[in-house]
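Side-chain atoms are counted along with the backbone in the values below, which use heavy atoms only and exclude waters and symmetry mates.
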Amino acid sequence: SLKDWNVTKSKSFERMFAKCNKLNDINMLKYWTTSNSESFKEMFFDCSNLEDISSLQNLDVSKSKSFEGMFAKCNKLKKINMELLIKSGI
């Protein structure tokens, strides 16, 4: 399960789930430690069935420099918490 992946040392999540059209639940990512990551560029690009990203609200993105296209072509997204994005500097 993705919940059990150790991503603590990962510096980039670039295009990690790009074009994963069956991905609709990313709740398990709330357990990830992302404090070393510098890029989330196109991480969920064209995940056409992704609807809810609220589980990302606790990700540590403080060192990240790139969020370009992170949710590009995620046409089913229903809600994005802008407060979270502002606080994290996205």
Side-chain angles (χ1 to χ4, degrees):
S1 149
L2 289 173
K3 175 185 173 184
D4 300 320
W5 286 14
N6 182 354
V7 297
T8 306
K9 295 181 182 181
S10 298
K11 293 201 179 249
S12 176
F13 293 96
E14 191 169 317
R15 298 188 62 83
M16 181 176 243
F17 299 106
K19 299 189 180 216
C20 289
N21 296 324
K22 293 184 180 183
L23 184 68
N24 61 5
D25 179 9
I26 57 171
N27 192 43
M28 69 297 255
L29 301 187
K30 68 183 176 186
Y31 300 103
W32 283 12
T33 301
T34 58
S35 56
N36 288 315
S37 181
E38 296 176 3
S39 178
F40 289 90
K41 181 179 179 180
E42 297 182 352
M43 183 176 182
F44 299 103
F45 176 81
D46 201 13
C47 290
S48 58
N49 286 305
L50 186 58
E51 295 182 8
D52 182 11
I53 59 168
S54 60
S55 59
L56 298 180
Q57 66 188 356
N58 294 318
L59 289 185
D60 182 349
V61 296
S62 58
K63 290 184 182 176
S64 298
K65 299 172 185 167
S66 178
F67 300 93
E68 180 183 342
M70 186 173 181
F71 301 105
K73 292 191 171 189
C74 293
N75 299 326
K76 288 190 178 180
L77 275 181
K78 294 180 180 179
K79 180 179 177 183
I80 298 176
N81 184 341
M82 293 306 289
E83 182 178 336
L84 161 69
L85 300 178
I86 292 167
K87 282 183 182 178
S88 65
I90 294 177

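- Rounding to the nearest 0.5 angstrom, the gap separating the CD atom in E38 from the OG atom in S66 is 10.5 Å.
- Taking the side chain as every heavy atom from C-beta outward, F44 and I53 never approach each other to under 4.5 Å.
- Between N21 and S48 the shortest heavy-atom distance is OD1-OG, 3.2 Å.
- With sequence neighbours excluded, no residue forms a salt bridge (charged side-chain N to carboxylate O under 4.0 Å, His left out) with E14.
- For the residue pair K19 and C47, the shortest heavy atom distance occurs at N-SG, 4.4 Å.
- Each of F13 and Y31 belongs to its own hydrophobic cluster when Ile, Leu, Val, Met, Phe, Trp and Tyr are linked at side-chain heavy-atom distances under 4.5 angstrom.
- Remark: M70 CE to S64 OG distance equals 8.0 Å, nearest 0.5 Å.
- In this structure, the separation between CZ on R15 and NZ on K41 is 9.0 Å, given to the nearest 0.5 Å.
- Taking each heavy atom of W32 and L59 in turn, the nearest pair found is O-CD2, 4.0 Å.
- Rounding to the nearest 0.5 angstrom, the gap separating the CG atom in L56 from the CE atom in M43 is 7.0 Å.
- Side-chain contact between L77 and L50 is present, with heavy atoms from C-beta onward closer than 4.5 Å.
- The line from CZ of F17 to CD1 of I26 is 8.0 Å long, rounded to the nearest 0.5 Å.
- K63 contributes atom NZ, which lies 4.5 Å from atom CG of N36 (distance to the nearest 0.5 angstrom).
- Residues that satisfy the ring-ring contact (aromatic ring centres under 6.0 Å, His included) test with F45, not counting sequence neighbours, are absent from this structure.
- No side-chain heavy atom of S37 sits under 4.5 Å from any side-chain heavy atom of S10.
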